[in-house]
J.: 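Just dropping this structure here.
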Amino acid sequence: MALSLRDLQLTSLPKIHDSQNLEDVRLLDSYEDEQKEKNEVVVDMEQGMKRVQIKVTGMTCAACSNSIETALMGIKGVVKGSVSLLQNKADVIFYPELVKDQDIKIAIEDAGFDAEILAESNPKKPISKGTLTGQFRIEGMTCAACVNSVEGILRKLPGVKRAVVALSTSYGEVEYEPTTISKEEIVNAIEDAGFEASFVQSSEQDRIILGISGITTELDWHLLEGMLGNLNGVRQFRFDIIHSELDVLFDPEVISSRSIVDNICGRNHDRYKVTVKNPYTSSRSSNMEESANMFRLFISSLFLSIPVFLIRVVCPRIPLVYSLLLWRCGPFLMGDWLKFGLVSLVQFVVGKRFYVAAGRALRNGSTNMDVLVALGTSASYFYSVCALLYGAITGFWSPTYFETSAMLITFVLLGKYLEILAKGKTSEAIKKLVELSPATALLLVKDSGGKIIEEREIDALLIHPGDALKVLPGSKIPVDGVVLLGTSYVDESMVTGESLPIQKEVNASVIGGTINLHGVLHVQATNVGSNTVLSQIISLVEAAQMSKAPVQKFADFVASIFVPTVVSLALLTFLGWYICGVFGVYPEEWLPDNGNHFVFALMFSISVVVIACPCALGLATPTAIMVATGVGANNGVLIKGGDALERAQKVKYVVFDKTGTLTQGRATVTTVKVFSGMDRGDFLTLVASAEASSEHPLARAIVAYARHFHFFDNPSLAKDPQRNIKELNSSWLFDVIDFSALPGKGVQCFIDEKRVLVGNRKLLTENGVTIPKEAEDFITEIEENAKTGILVAYNDDLIGVLGLADPIKREAAVVVDGLRKMGVRPVMVTGDNRRTAQAVAKEVGIQDVRAEVMPAGKADVIRSFQKDGSVVAMVGDGINDSPALAAADVGIAIGAGTDIAIEAADYVLMRSNLEDVIIAIDLSRKTFSRIRWNYVFAMAYNVIAIPVAAGVFFPLLRITLPPWVAGACMALSSVSVVCSSLLLRRYKKPRLTTILEITVE
């Protein structure tokens, strides 16, 4: 017996008992999982709020998204509902005990739109014992006082161990005990404080969507159901017969996604063919389905409308055909019957979507473009029907306008189809990023002794951390990992923008989606799923495209009042022309043949209704931002939102960090001078011992130099890095006690019960160490040569000085000059000494230098520039730059920098090339220039088109705009705005020779 229901069932395994609430949080990086109790599986879904994403089709403008949000917020139990017009998604947070997923879906459908519940991209996972960290989105914070308020409330909650809130990102991270407090209680506490809060789901993968082919009968389903029910760790599953998709929720600590697939295939002797569904490709297929459906509607309307147009325009010029149309059949002519039948199909079958959407919008107290289309076409259609009936009764035949209704719907559908295609092009960047990931991978199966016994091709989405993979020459690396065996060159240009292939050897890191060019590599997977670099880039671009720039608020306001305003203007137009006609203000010659004042006024008012379009205004900003974020990603510049784009185009100051930003961040010791009688080797050993426990780049450079000094004659150490490190830490270094790192100064420790100080002048002077004139002169000399001087004191006596040089990036000087030409003032801020900072600044061309600034003081420097309202950008790469990156209006992080710096920034430069700073600013300027042009097109279109449609120029120029022509203009207006945004895809990064006005012969 064939299946008839779409969703057969949602099965919850009865054999598994409740244990504790599930928490959607990621584990702390430093958290070690405790031993899980045997035979105990946690499955009870947590009581409280739940988040669901729903795909919405049928939205045409900002008014549509506003009406859906209004409908969602009218549902009892819904906490928050946000709708993205371009992404065609609704994000809803609700209480599952008050409202169900299907209730939300039905509410959206009642509002006149098609809705489909999407699988969770970051699904829930069971948590065992321990302290957890949850990430929360907090909205409504405006200043540091808000941050302090939220942090204070969170820290007072029972079970909360730690709470940190960031104003710049509107995120909070809370470490808490799930046995004491739940995430819903944390959210409620934040909301009780007057802020909007929502839980950000973890990246743990415990849900998988599978495409199943081979299920044709109910018996097949029962076999699959029984098999899944017997799998330990499978919590819930649902089969969608229409799309042949199996949605499985499982416990990743008990069973893996690959094991589920293997069981489905293996236990049924490959009776079922199983494929893993990628959520991104599923979204693309839905968009293609939407465009195909719109194209079918347009073609249907076109084929029905062409005969109507021919009957009105062409047939009267063909005597034989025209005589057949004039043949009376009952009360009407044959031509009238044909037009009535054809147009009725267009109006109520093809055009049903406009009536449904308009009706739902009006019931929800909102208006949109569908209301205008339904109103205009209905006026034309029902007037024509009334004219026929009036003629049949009285014998006075007025002209009909059936073709107006049919052609209007046809042109609107054409416009919507072109708009869908154009909007699809705006997200081309994400499609290209998704296509970088290979579909399959070669898994190396090993025995207990680590010997490879089998090579197996698996779906790339089934790779687990720790899997050993084989990557053939010319194939793509499936996930992030580390090379276990082999040497090759890898093309990383598609991810990092680096044009030259990168050599990869054993222990080298590789990025998923990049291409292995030459040799065979064995790679161990480290980051899979949403944790890979490529997935994080996609998520970043998606988040940016979902965001709204502040300028979008203007369009949202206009959209909310647009339709009522247009309907009022149409009514005034009708009354104005009709009343003027009745009182003889204009001559009768202006009336159409066999027409009257009512029809004359009605055509003007219909034209006003159908020509006005709120869609163009609603699409002006988001389409441009979508294209710009994609273009930025293709050029190695990741943008975290439309607000960052809007701020960047107003940047007046760009503040650069020195080390690792203007310089290469690879400091080397160039000079060593000992001022005591100590041997040079002993001096370096002493300094290296003190610096070995420090993570500072200068400390690592000193240790590396000392190690090379001692061991460069021993080739075995160079060949064996592990032995080298062991030798370094145990054999030749002195024992160190009471080590302490002093930020912005240096390090302090004790060796042989004598104090050792390694750092700058400030460290030594504060500790009472006298710096001799000879040493002072030497330090001054090396600092004036753009080198950093490191002073070493032993037992409170200065014993030596090291000079370190960090090469300046080759593009630094040109970029600084380019920024100045663009009207942006470059500034350098560093914790280094003033002489070294001045020397570096002079070399790159920066005049404003802030030296000897502590990490916390960098944020104060940023705020000093912001006092007069200037927009300030900060470019940095290290942890010490994160406060300044967060304080800046636009934070720009170097891609090779730390994760903390990247998290605090608004822009991420994947190539670590300073030229991309110019690209970031130039792209934002061009984007908002395009947005302004989009608004000019949209506003000018309505400002000019509505008066023409209303007949304002008719008395002087005799210009009329038939309703069907007005409909065509309306349909093409939004298409023109989207196409205008698509011009950004032709963006070319600025050539420095052009910016600097350099003539290349």
J.: Can you list the steps and then say if Thr57 with Phe113 is a side-chain contact (heavy atoms from CB on, under 4.5 Å)?
T.: CA-CA 6 Å; Thr57 54; Phe113 305 91; over 6 Å; no
J.: Counting C-beta onward and ignoring hydrogens, is there a side-chain heavy-atom pair between Asp91 and Arg51 closer than 4.5 Å?
T.: yes
J.: I would like to know whether Ser305 and Thr410 meet side chain to side chain donor-acceptor pair (under 3.5 Å); could you show each step before the answer?
T.: CA-CA 7 Å; Ser305 300; Thr410 301; 2.9 Å; yes
J.: Quick one: are Val78 and Ile93 in side-chain contact, heavy atoms under 4.5 Å?
T.: no
J.: Do the ring planes of Phe348 and Tyr381 sit parallel (below 30°), tilted (30 to 60°) or perpendicular (above 60°)?
T.: perpendicular
J.: What heavy-atom pair brings Thr573 and Ser605 nearest, and what distance separates the two atoms?
T.: CG2-N, 4.1 Å
J.: Could you tell me the separation between the CD1 atom of Ile108 and the CG atom of Leu72, rounded to the nearest 0.5 Å?
T.: 5.0 Å
J.: Test Ile181 against Ile186 for side-chain contact (heavy atoms from CB on, under 4.5 Å), laying out the working first.
T.: CA-CA 8 Å; Ile181 188 171; Ile186 295 175; 3.9 Å; yes
J.: So do Asp101 and Phe94 actually touch side chain to side chain, heavy atoms under 4.5 Å?
T.: yes
J.: To the nearest 0.5 angstrom, please state how far the CD atom of Glu109 sits from the CD1 atom of Ile106.
T.: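 Spacing of CD (Glu109) from CD1 (Ile106) equals 7.0 Å.
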J.: Step by step, work out the side-chain contact (heavy atoms from CB on, under 4.5 Å) result for Leu571 and Leu575.
T.: CA-CA 6 Å; Leu571 182 60; Leu575 293 176; 4.2 Å; yes
J.: Could you check whether any side-chain heavy atom of Gln102 comes within less than 4.5 Å of a side-chain heavy atom of Ile117, counting everything from C-beta outward?
T.: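 Sidechains of Ile117 and Gln102: in contact.
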J.: For the OH atom of Tyr95 and the NZ atom of Lys50, what is their distance to the nearest 0.5 Å?
T.: 15.0 Å
J.: I would like to know whether Val99 and Lys76 meet side-chain contact (heavy atoms from CB on, under 4.5 Å); could you show each step before the answer?
T.: CA-CA 7 Å; Val99 63; Lys76 183 179 180 181; over 6 Å; no
J.: Is the shortest side-chain heavy-atom distance between Asp103 and Ile75 below 4.5 Å?
T.: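 No, every pair of side-chain atoms sits at 4.5 Å or beyond.
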J.: Kindly indicate whether the side chain of Ile104, heavy atoms from C-beta on, has any atom under 4.5 Å from the side chain of Ile54.
T.: yes
J.: Any chance the side chains of Ser82 and Glu69 put a donor and an acceptor closer than 3.5 Å?
T.: no
J.: Are Leu413 and Phe354 packed together at the side-chain level, in the sense that at least one heavy-atom pair is separated by less than 4.5 angstrom?
T.: yes
J.: Hydrogens and angles aside, do Arg930 and Ser980 bring a side-chain donor and acceptor to less than 3.5 Å of each other?
T.: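 Checked: Arg930/Ser980 side chains pair up, N/O donor to acceptor below 3.5 Å.
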J.: Ignoring hydrogens, what is the shortest heavy-atom contact between Val56 and Ala90? Give both atom names and the distance.
T.: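 Where Val56 meets Ala90 most closely, the heavy atoms are CG2-CB, 4.0 Å.
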J.: Is a side-chain donor or acceptor of Ser301 paired with a backbone partner of Leu297 at a separation under 3.5 angstrom?
T.: no
J.: Verify, without hydrogens or angle tests, whether Lys100 (side chain) and Pro96 (backbone) share a donor-acceptor contact under 3.5 angstrom.
T.: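 The answer is yes, because a donor-acceptor pair under 3.5 Å joins these two groups.
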J.: Can you tell me how far the CZ atom of Arg353 sits from the CE atom of Met294, to the nearest 0.5 Å?
T.: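 Arg353 CZ to Met294 CE: 4.0 Å, rounded to 0.5 Å.
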J.: Working to the nearest 0.5 angstrom, can you tell me the gap between Leu645 CG and Ile639 CD1?
T.: 4.5 Å
J.: Just how far is it from atom CD1 of Ile931 to atom OG of Ser981, taken to the nearest 0.5 Å?
T.: 7.5 Å
J.: Is the shortest side-chain heavy-atom distance between Thr927 and Leu984 below 4.5 Å?
T.: yes
